[in-house]
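In what follows, chains are A, B, ... by sequence order, proteins preceding strands, each numbered from 1.
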2 protein chains.
Amino acid sequence: MAHPAEPQRFTGSGKLRPEEQIYQEMLGAILDRRLEPGMKLIEENLAKTFGVSRARIRAAFLQLAHDKLINLVPNRGAFVSEPTIAEAIEVFSARRMIEDGVVRKVTAHMNDDQAEQIRAHLQAEHKAHHEGDHRAAIILSGEFHLLLARLANNLVIEEFLERLILRSSLIIAMYESPQPADCSHDDHDELLRALTGGDADEAASCMAKHLDNIRDRLQLQREKPGKTDFASIFGRHPSSKAG
Amino acid sequence: MAHPAEPQRFTGSGKLRPEEQIYQEMLGAILDRRLEPGMKLIEENLAKTFGVSRARIRAAFLQLAHDKLINLVPNRGAFVSEPTIAEAIEVFSARRMIEDGVVRKVTAHMNDDQAEQIRAHLQAEHKAHHEGDHRAAIILSGEFHLLLARLANNLVIEEFLERLILRSSLIIAMYESPQPADCSHDDHDELLRALTGGDADEAASCMAKHLDNIRDRLQLQREKPGKTDFASIFGRHPSSKAG
DNA sequence: GTTATGCAAATCGTCAACAATTTTGTAAAA
DNA sequence: TTTTACAAAATTGTTGACGATTTGCATAAC
């Protein structure tokens, strides 16, 4: 239940309204894979669990669906998203595009205060890594990218990237390699050097390599079969009724 | 991959579920300024107007709020967004970032079929322009950018840009100059030349200039006072009780 | 004349019940 | 044995009603 470093949305209002509470809890459960990809989310069960009515759950569903973390199928219900390989590739490709612009902008306007913010964040990342707090490390790693977006000083980009990072987290949880391979903090160090160095091209290249690293560490060779996707499990499509 | 509930925004054809219908109608009304920025949207009135219950309206509100076209204030209701100057600038800045990547990608993978799609679209733009169909021209102009995003072959980017274009439309409607200044189709022509020329840098530069043109044609000098925004009307902020 | 107080109207927030749809289970017919 | 038809259960879709909050207005107090 306790999620110390729950990803926090920047909704302007500091207080957490009960509706946000439900959204956050479900978000955390999905990213932790306590709710597995493909799992059906039954409104009434969730309503009882959270002690609210179905209307609230429905509203939370709309938010999550908008973030592409669940799938809403008319008259069928809500299912935890099962990002396909193609989707995963597109998400990281999109991030490359966006974050290329971000690092260029940050590099151009870098000042001492901003550099210090990045350094402080990296220190936190290293701390979590050395203490073996894998969960915190993953969250902080995502927040590193979000910090850069914030330093780019564009709320539109920041919010979009926040969603992409959430989506990335689900993809990583779904396709990650058996070995931890959590060495991205080295990439982040290198990125800081490039950013403070003032060379926009190098910083952009660094970021591109970093994102490719993350993507390439995933096991994107074969489609992960969803629990109900017998087509891919048995290597055939459910087209004809009798074969 | 199945996307059963994909929101299709610009096409009026096809089966339109009643919920999408409501979203579309409100969207159109906002972009046409039949619903003016700042106007309060009363749930029950809209429910009666559309002949549905408030729950439906509420769901539509969530979608529109997500697109930043309306503002949801707890216990107060929904209001048509009044994008500030800062927001307007950020939106166009974000588009520069995104569409820079888009045109580079499109330039790299350009083939005859794609070039033909763009030409066909430009022809439609010119036709609307010559026939004086201002409304169609504006819509087509937005769809031109969307077409490029589609040719970049990344659904994530495409959907995000779609939202940004909607937001841009509201901004343009709110801050547009008195004179029509609808000469963006020339920019689009130039863009096509750059795209087919294969020079990614030039294409990107073209797009950047084009977006700056649109932005600079807006009257972003002073904040447009919302109907109730006395702070800007009287040039002071509503901090102290008696001034 | 101005400010404070309380009442009334309007509107949003929430819910529980009912209707429609899909899924599952069972049995009859070919 | 296989297919089809039908009924029952589970789940989503929708609605109208009720309580909570905000807003507007009238009245009273200073």
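With the nearest nucleotide of DNA chain C identified for both B/Glu43 and A/Arg54, B/Glu43 has the one nearer the 5' end.
Between B/Glu176 and B/Arg217 there is no salt bridge, since no side-chain nitrogen of the basic residue lies less than 4.0 Å from a carboxylate oxygen of the acidic one. A salt bridge between A/Arg96 and A/Asp212 is present, with a side-chain N of the basic residue lying under 4.0 Å from a carboxylate O of the acidic one.
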Next item on the list: Apply the test side chain to side chain contact (heavy atoms under 4.5 Å, CB included) to residues B/Glu99 and B/Leu161: give CA-CA distance (whole Å), side-chain angles for both, the deciding distance (0.1 Å), then the verdict.
Entry: CA-CA 8 Å; B/Glu99 303 200 54; B/Leu161 197 55; 3.8 Å; yes
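In this structure, A/His121 and A/Phe144 have tilted ring planes: the angle between them lies in the 30° to 60° band.
Taking atom CD1 of A/Ile57 as the reference point, atom C1' of D/dG13 lies 16 Å away to the nearest angstrom. Rounded to whole Å, the distance from CG on B/Leu72 to P on D/dT22 is 16 Å. Between A/Asn45 atom CG and D/dA10 atom P there is a gap of 12 Å when expressed in whole angstrom units. Atoms CD (B/Glu44) and C1' (D/dT22) sit 16 Å apart, rounded to a whole Å. A straight line from CD1 of A/Ile70 to C1' of D/dT12 spans 14 Å, rounded to a whole angstrom. What separates CG of A/Leu62 from P of D/dT12 is a distance of 14 Å, to the nearest Å. Nucleotide D/dT15 holds its C1' atom 18 Å from the CZ atom of B/Phe50, rounded to whole Å.
Side-chain contact between B/Arg76 and B/Lys40 is absent, with no heavy-atom pair separated by less than 4.5 Å.
Side-chain proximity of A/Arg58 to the nucleotides C/dC15, D/dG13, C/dT11 is greatest for D/dG13. Nearest nucleotide to the side chain of A/Ile42, out of D/dT11, D/dT15, C/dC15: D/dT11.
Residue contacts shown for A/Leu41 are limited to sugar-phosphate atoms, with no base heavy atom under 4.0 Å away.
Atoms CD1 and CG, from B/Ile165 and B/Leu31 in turn, are 12.0 Å apart once rounded to the nearest 0.5 Å. Taking CZ from B/Phe61 and CD1 from B/Ile22, the interatomic distance works out to 10.5 Å, rounded to the nearest 0.5 Å.
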Between the protein and nucleotides 19-22 of chain C, are there any N/O to N/O pairs under 3.5 Å, and if so, what are the atom names and distances?
none

